[in-house]
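Accompanying notes for the structure given below.
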Amino acid sequence: LSAWENMMFEYLKTKALLMVSVLLLLPAMAAAAPKFALDANGGSGNPYLNAKLDQNDNLLWKIIKNGEYARILPKVNLNAALDANGGKDKPYLNANATDNENLLWKLETHDEYVVIIPKVNQKAALDANGGRENPYLNPTANSKNVNHLWLLVKEKDSEFYRIYSKIEK
């Protein structure tokens, strides 16, 4: 090969490596990091959205399948479960009674997210309220509403999940 051909070969090789590096980074760049996680508020009262995503047991939830529904229990109080409050207003943590249908939620999948729908009002959805204070039950579930989309991320080597809102405020 001539000097010019060697130079062009090296140039193209460098460009190809750069392009491969960029392509490998694109998926990581495209996915926005979660900004808010559902916080169990010490295991009582109303859960809220927490922007401090450091290691915190209040951000960990156990999801127990119950037929086509699930119970959502905070790690900080496994005797409690997320209660749909009759399918309206703000959900809260209540005693984990097996006969209480307010504790059952449908996790409706939409791509990598879920819409969290209470069994007692299947037209409603857990709404992140724009990242402000407490989530509430919006009377109209809508998978196109970013406030209704939640990402369930299983903790490594654990039975617990973090529940992140898709909102990127």
Side-chain angles (χ1 to χ4, degrees), residues 27 31-169:
K35 302 274 193 279
F36 298 97
L38 191 62
D39 189 300
N41 197 16
S44 64
N46 299 96
Y48 65 94
L49 291 175
N50 192 340
K52 296 178 184 168
L53 302 179
D54 300 329
Q55 187 57 39
N56 175 350
D57 282 353
N58 279 294
L59 304 181
L60 299 178
W61 299 84
K62 187 173 186 178
I63 298 172
I64 300 173
K65 293 295 283 174
N66 190 341
E68 66 180 290
Y69 298 99
R71 290 176 183 273
I72 303 172
L73 287 61
K75 180 178 182 178
V76 294
N77 182 0
L78 293 173
N79 293 318
L82 190 62
D83 189 301
N85 196 18
K88 57 188 180 352
D89 300 322
K90 293 179 186 172
Y92 63 98
L93 295 170
N94 194 5
N96 186 12
T98 56
D99 60 342
N100 185 348
E101 289 196 344
N102 279 289
L103 306 180
L104 297 176
W105 301 84
K106 183 184 288 186
L107 305 176
E108 188 177 279
T109 305
H110 296 274
D111 296 322
E112 70 267 31
Y113 296 95
V114 296
V115 175
I116 302 174
I117 299 170
K119 180 179 182 181
V120 295
N121 180 358
Q122 295 194 25
K123 293 180 180 178
L126 187 63
D127 189 301
N129 197 19
R132 297 177 305 275
E133 301 172 8
N134 305 94
Y136 69 96
L137 290 171
N138 187 310
T140 309
N142 179 357
S143 64
K144 293 183 181 5
N145 183 339
V146 70
N147 284 286
H148 296 187
L149 297 174
W150 300 86
L151 183 64
L152 306 179
V153 178
K154 193 165 189 329
E155 288 285 290
K156 186 178 177 185
D157 301 322
S158 172
E159 63 184 341
F160 296 98
Y161 291 80
R162 286 181 181 234
I163 302 175
Y164 293 109
S165 170
K166 185 179 179 182
I167 58 172
E168 299 174 1
K169 179 179 161 187

Is the side chain of [X] donor-acceptor paired with the backbone N or O of [Y] at a distance under 3.5 Å, no angle test?
| X | Y | answer |
| --- | --- | --- |
| Asn56 | Asn58 | yes |
| His148 | Asn142 | yes |
| Asp39 | Asn41 | yes |

What's the shortest heavy-atom distance between [X] and [Y], and which atoms?
| X | Y | result |
| --- | --- | --- |
| Phe36 | Ala51 | CE2-CB, 3.9 Å |
| Ala124 | Pro118 | O-CD, 3.6 Å |
| Pro47 | Leu82 | CG-CD1, 3.5 Å |
| Leu151 | Glu112 | CD1-O, 3.3 Å |
| Leu107 | Ala70 | CD1-CB, 4.1 Å |
| Tyr164 | Arg162 | OH-CD, 2.9 Å |

Output side-chain donor-acceptor pairs under 3.5 Å for residues 84-98, partner residues at least two apart or in another chain, one line each.
from, atom 1, to, atom 2, distance (Å)
Asn85, ND2, Lys88, O, 3.4
Asn85, ND2, Lys90, O, 3.1
Asn94, ND2, Asp83, OD2, 2.9
Asn96, OD1, Arg71, NH1, 3.0

Please report, to 0.1 Å, the donor-acceptor pairs under 3.5 Å made by any side chain of residues 59-68, with sequence neighbours excluded.
from, atom 1, to, atom 2, distance (Å)
Trp61, NE1, Leu38, O, 3.0
Lys62, NZ, Glu159, OE1, 3.3

Within this structure, what is the [atom1]-[atom2] distance for the pair [X] and [Y], rounded to the nearest 0.5 Å?
| X | Y | atom1 | atom2 | result |
| --- | --- | --- | --- | --- |
| Leu126 | Leu149 | CG | CG | 11.0 Å |
| Glu155 | Asp57 | CD | CG | 9.0 Å |
| Lys123 | Thr140 | NZ | OG1 | 9.0 Å |
| Leu104 | Ile117 | CG | CD1 | 13.5 Å |
| Lys119 | Asn102 | NZ | CG | 10.5 Å |
| Ile163 | Trp150 | CD1 | CH2 | 8.0 Å |

Please say whether more than 12 non-hydrogen atoms of neighbouring residues, nucleotides or ligands are located less than 6.0 Å from NZ in Lys154.
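Counting neighbours around NZ of Lys154, more than 12 heavy atoms of other residues, nucleotides or ligands fall under 6.0 Å, so yes.
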What do the steps show when you test Asn147 against Asn129 for side-chain contact (heavy atoms from CB on, under 4.5 Å), and what is the final call?
CA-CA 6 Å; Asn147 284 286; Asn129 197 19; 5.6 Å; no
Measure the shortest side-chain to side-chain distance between Val115 and His110 over non-hydrogen atoms and say whether it is less than 4.5 angstrom.
yes
